[in-house]
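What follows is a short report on a single structure.
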Protein chains: 2
Amino acid sequence: MDLSVKKSKNSKQKNLILKILRSTHSHPTAQWIFENARKELPNISLGTVYRNLSNLKKEGKIRELIMGADFSRFDGDLRNHDHIQCTACGKVDDVPFIFFPIPMEQVAQATGYQVFRRRLKFFGTCPECDNQTTKI
Amino acid sequence: MDLSVKKSKNSKQKNLILKILRSTHSHPTAQWIFENARKELPNISLGTVYRNLSNLKKEGKIRELIMGADFSRFDGDLRNHDHIQCTACGKVDDVPFIFFPIPMEQVAQATGYQVFRRRLKFFGTCPECDNQTTKI
DNA sequence: CTAACTGCAAAGTTTTTGCAATTGC
DNA sequence: GCAATTGCAAAAACTTTGCAGTTAG
């Protein structure tokens with residue numbers, strides 16, 4: 001059987017979307033990507049953005065996050081890193097890679113699962129929101 | 001300023017929803033909760049389910065997960081535990097609490113955030129899906 | 001060439017909201 | 001009582017899909 005998926009064309013839309021994703025660490029939503037993409041390609045459609053995000057995900061070039069109580073966010077940085085979300089403004093930032101030794105065997109034993117991956121997410125308040133506690 | 005939020009009535013709908021959530025570890029979706037709730041209260045509406053989930057979350061009685069590429073899932077168990085999701089069937093299970101020492105100060109230093117909480121999620125295949133690898 | 005991709009618009013899903021009636025405290 | 005909650009239905013928010021035309025390899 002053929003396990004290699006990849007079979008996809010280049011298109012300016014797709015390349016632009018990837019470029020946008022890689023130019024930020026802010027984990028944008030599909031809508032945000034769309035708005036930024038149309039600055040360069042005014043005719044691009046939201047459907048195309050969603051289709052390309054889906055393809056890029058299948059090809060392993062990006063990662064879908066969906067981490068909080070809102071819509072999907074995408075990550076163009078595939079290096080090992082974790083995430084932190086501000087509970088005040090909802091922003092998601094990268095946590096540069098820190099090695100956390102997590103004994104996955106214990107998890108496998110406790111659950112009966114075969115464990116492949118882990119994902120670690122932190123919650124807190126970002127510097128901006130911290131300073132605005134008294135405002136408004 | 002008054003930081004205590006809570007001010008909420010009891011209603012049979014709300015109590016039922018909480019009871020359902022606490023009776024399972026399967027992290028149901030709003031739709032699933034709705035379907036089960038209407039077995040006991042046939043006239044309950046989906047809107048009421050969503051409103052109560054939102055209130056219960058505000059009151060800190062449940063937790064919204066939203067962990068994968070689909071719709072929200074809710075957790076009625078607030079004891080410390082982590083989650084594992086099967087990448088084959090999508091099911092989410094609890095990982096009974098295991099102490100993972102994670103140095104949150106390092107995260108705070110690296111990001112500038114005030115860090116409150118962490119959430120750890122594992123991915124793998126559940127025993128059922130493991131055994132079905134060759135079927136179909 | 002032709003399979004994949006595009007823009008557009010319509011449809012699908014999940015969640016929220018407005019309103020009049022009901023209910024808990 | 002009166003504010004909070006409910007059922008219902010309509011609307012909003014996010015995502016997917018059908019189609020006919022365009023494009024990359």
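In what follows, every heavy atom counts, from backbone to side chain, and hydrogens, waters and symmetry copies are set aside. Residue numbers start from 1 in every chain, and the chains themselves are labelled A, B, ... in the order their sequence lines are given, proteins ahead of strands.
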Given the options B/V49, B/L41, B/I33, B/L16 meets side chain to side chain contact (heavy atoms under 4.5 Å, CB included) only with B/L41
Quick note, B/T48 side chain, CB onward, closest among C/dC8, C/dT15, D/dT6 is D/dT6
query = Is the distance from OP1 or OP2 of C/dA4 to the nearest side-chain N or O of A/N55 less than 4.0 Å?
reply = no
Whole-Å distance, B/I17 CD1 to C/dT15 P, equals 14 Å
note: A/W32, atom CH2; D/dT15, atom P; distance rounded to Å ~ 16 Å
In whole angstroms, the gap separating C1' of D/dT16 from NZ of A/K57 amounts to 12 Å
note: B/L41, atom CG; D/dC8, atom P; distance rounded to Å ~ 12 Å
Quiz item: Judged by atom type as modelled, is there a donor-acceptor pair below 3.5 Å linking the side chain of A/T24 to the main-chain atoms of A/L21?
Solution: no
Atom CD of B/Q31 and atom P of C/dT14 are separated, to the nearest Å, by 7 Å
Check your understanding: Taking C-beta and beyond as the side chain, do A/E59 and A/K14 meet within less than 4.5 Å on heavy atoms?
Key -> yes
- Task: Report yes if the side chains of A/K121 and A/D82 come closer than 4.5 Å at any heavy-atom pair, otherwise no.
- Result: no
When rounded to whole Å, the CZ to P distance for the pair A/F34 and D/dA13 reads 16 Å
Handout entry: Expected output: side-chain A/S54 to main-chain A/Y50 donor-acceptor under 3.5 Å
Key = no
Letter by letter from the 5' end, nucleotides 19-25 of chain D scores (B base, S sugar-phosphate only, - none; protein heavy atoms under 4.0 Å) B---BBS
Quick note, salt bridge (charged side-chain N to carboxylate O under 4.0 Å, His left out) partners involving residues 25-39 of chain B, not counting sequence neighbours, are none
So OG1 of B/T48 and CD1 of B/I17: to nearest 0.5 Å the spacing works out to 7.0 Å
The residue, B/G47 or B/K14, whose nearest nucleotide of DNA chain D is more 5′ is B/K14
Looking at A/K19 and A/E40, is any side-chain nitrogen of the basic one under 4.0 Å from a carboxylate oxygen of the acidic one? yes
Angle separating the five-pair end axes of the helix from C/dC1-D/dG25 to C/dC25-D/dG1, nearest 10°, is 40°
request  = Pick base, sugar-phosphate or nothing for A/I44, based on heavy-atom distances below 4.0 Å to the nucleic acid.
outcome  = sugar-phosphate
Problem - Phosphate OP1/OP2 of C/dG7 contacted by A/Q13 side-chain N/O (<4.0 Å) - result: yes
Atom OH of B/Y50 and atom P of D/dC8 are separated, to the nearest Å, by 17 Å
Measure the shortest side-chain to side-chain distance between B/I20 and B/W32 over non-hydrogen atoms and say whether it is less than 4.5 angstrom.
-> yes
